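First the structure, in the form of structure tokens, and then the observations on it.
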Number of protein chains: 2
Amino acid sequence: MPKLGMQPIRKEALVKATIVEIGRAGSLDVTVAQIARRAGMSTALAHHYFGGKEAIFLAAMRHILSIYGAEVRGALAVAKTPEARLDAIILASFSAANFRREVISAWLNFYVLARTVPGAQQLLSVYQRRLHSNLLAALRPIAGAKAVPLAHAMGALIDGVYLRAVLRDGPPDGQAAIEMLRRYVAAELEGRPE
Amino acid sequence: MPKLGMQPIRKEALVKATIVEIGRAGSLDVTVAQIARRAGMSTALAHHYFGGKEAIFLAAMRHILSIYGAEVRGALAVAKTPEARLDAIILASFSAANFRREVISAWLNFYVLARTVPGAQQLLSVYQRRLHSNLLAALRPIAGAKAVPLAHAMGALIDGVYLRAVLRDGPPDGQAAIEMLRRYVAAELEGRPE
DNA sequence: AAGTTTATTGACTCGTCAATCAACAAAAAA
DNA sequence: TTTTTTGTTGATTGACGAGTCAATAAACTT
């Protein structure tokens with residue numbers, strides 16, 4: 001009963017299964033068999049479509065990154081003032097879609113993956129640069145000379161909040177994270193604009 | 001040529017070798033054989049002294065945590081004002097001993113380990129609670145009601161800076177990290193003390 | 001109708017690795 | 001001196017997992 005045009009469907013199923021399995025395992029110690037089983041196919045098929053485990057991981061990473069990117073882009077498009085743009089980035093970073101256990105766990109493990117796999121390292125660098133330039137663009141008009149260090153600090157703070165969310169038991173508290181970021185921005189901007 | 005009293009010596013060698021190997025590999029995908037070889041002994045001996053791989057990892061984690069803890073304690077002991085205590089924590093967090101590639105890499109991977117191994121989870125929780133209460137004690141007199149959220153944010157920021165240091169190629173820049181933390185504290189405290 | 005491309009899997013290979021064990025050696029205790 | 005404790009390793013076991021392959025079948029092409 002083989003139907004044609006399965007490739008994209010299978011690939012997507014594998015990518016989603018990978019994220020779920022990494023979330024469950026809490027690490028990259030996930031077998032191709034586990035991923036394939038969850039995606040409802042044999043391991044051979046997974047290899048057939050992706051060629052290897054590393055490619056599956058990279059595709060999963062690309063998937064998460066692209067969802068996040070799309071959300072940020074969408075939110076920025078409707079934001080008119082620099083303040084609104086800054087807030088849009090913060091909100092997107094901790095939205096229900098991104099700030100979920102599974103996704104956070106995957107994120108953490110992609111950092112680990114980036115230490116070994118050049119492709120992962122590169123993907124993560126792209127994400128960081130994009131975040132930084134988005135932050136900078138929003139901050140420049142309202143933070144003056146402070147913009148650059150502030151953007152760096154915000155990036156690190158966002159990553160840190162993600163990291164800490166991994167350890168907690170319950171569901172991650174996106175609202176608290178958003179308030180933490182907003183409070184910091186407010187504190188920095190409230191002083192003299194230099 | 002077996003000498004007596006080897007146990008502590010062997011254990012320490014294994015712990016140090018573990019940290020080095022995790023740093024090299026950039027992940028927990030490190031074999032007992034690699035660790036044992038670097039520590040100058042057979043894999044059987046490593047198992048003999050620790051009983052298993054997990055115990056070796058936990059010992060390595062305890063080692064890093066205890067060095068960090070000792071450094072913070074030492075710095076706090078000589079700091080007399082709340083401001084000095086706060087700065088002492090910041091300085092210790094990014095000291096040359098702690099803010100090194102190997103150690104940072106180990107740190108990141110211990111976060112991953114904590115998702116799977118209850119013992120690791122517990123160790124990390126202890127560290128986080130201690131850091132939080134140290135920060136809180138220093139902040140309370142100078143930050144008033146802001147102290148609690150500020151302590152949380154600083155903890156997250158420190159972790160975030162660590163996380164980002166992992167990705168960069170060159171040696172981590174402790175000085176820049178210290179300045180980022182100081183600027184953060186300054187910005188938050190500069191407003192009305194509420 | 002014959003041939004080609006796409007989908008799919010069970011079975012297999014090959015390597016790796018944690019853990020165990022039997023055996024040997026030296027010091028300490030008896 | 002015999003026995004026990006401590007240190008040490010090479011060799012082996014047993015499990016698991018990534019990747020390959022041959023085989024089967026449905027759909028599309030000519």
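Small disclaimer: the values here were computed from a predicted structure and weren't measured. The chains referred to below are lettered A, B, ... by the order of the sequence lines, with proteins before strands, and numbering in each begins at 1.
- Remark: A/S42 pairs with A/A44, A/L45 by the side chain to side chain contact (heavy atoms under 4.5 Å, CB included) rule, at least two apart or across chains.
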Criterion ring pair (Phe, Tyr, Trp, His ring centres under 6.0 Å) on A/F57 and A/F110, from CA distance to verdict: CA-CA 9 Å; A/F57 281 163; A/F110 289 152; 7.5 Å; no
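- In this structure, A/M6 places its CE atom 12 Å from P of D/dC28, rounding to the nearest Å.
- One can place CD1 of A/I9 at 14 Å from C1' of C/dT8, the figure rounded to the nearest angstrom.
- Screening residues 115-130 of chain B for side chain to side chain donor-acceptor pair (under 3.5 Å), with sequence neighbours left out, gives A/S105-B/R115, B/Y111-B/Q128, B/Y127-B/D159.
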Let me have the donor-acceptor pairs involving side chains of residues 67-78 of chain B, under 3.5 Å, with sequence neighbours excluded, atom names and distances please.
| residue | atom | partner | partner atom | Å |
| --- | --- | --- | --- | --- |
| B/Y68 | OH | B/S93 | OG | 2.9 |
| B/E71 | OE1 | B/N98 | ND2 | 3.4 |
| B/E71 | OE2 | B/S95 | OG | 2.5 |

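- Among C/dA7, D/dT8, C/dA27, the nucleotide with an atom closest to any side-chain atom of B/L45 is D/dT8.
- Going from atom NE2 of A/H48 over to atom P of D/dA25 covers 18 Å, rounded to whole Å.
- Distance A/L4 CG to C/dT6 P: 8 Å, rounded to the nearest Å.
- With salt bridges taken as basic N to acidic carboxylate O contacts below 4.0 Å, one links B/R183 and A/E188.
- Following rounding to the nearest Å, A/D29 (CG) and D/dA15 (C1') show an atom-to-atom distance of 15 Å.
- Residue B/R10 places none of its side-chain N or O atoms closer than 4.0 Å to OP1 or OP2 of D/dT6.
- Between B/L14 atom CG and D/dG7 atom C1' the separation is 13 Å, expressed in whole Å.
- For the pair B/K11 NZ and D/dT8 P, the computed distance is 14 Å after rounding to whole Å.
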Distances under 3.5 Å between protein N/O atoms and the N/O atoms of nucleotides 17-20 of chain D, please, pair by pair.
| residue | atom | partner | partner atom | Å |
| --- | --- | --- | --- | --- |
| D/dA18 | OP1 | A/K53 | NZ | 2.8 |
| D/dA18 | OP2 | A/V32 | N | 3.2 |
| D/dG19 | OP2 | A/H47 | NE2 | 3.2 |
| D/dG19 | OP2 | A/K53 | N | 3.0 |

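- When the C1' atom of C/dT9 is taken as reference, atom CZ of A/R37 falls 15 Å away, rounded to whole Å.
- Contacts classified as salt bridge (Lys or Arg N to Asp or Glu O under 4.0 Å) and involving residues 77-90 of chain A (residues at least two apart or in different chains) are given here: A/D87-A/R182.
- Note on A/Y49: a side-chain N or O is less than 4.0 Å away from OP1 or OP2 of C/dT8.
- Judged as a side chain to side chain contact (heavy atoms under 4.5 Å, CB included), and not counting sequence neighbours, the contacts of A/T31 are A/A33, A/Q34.
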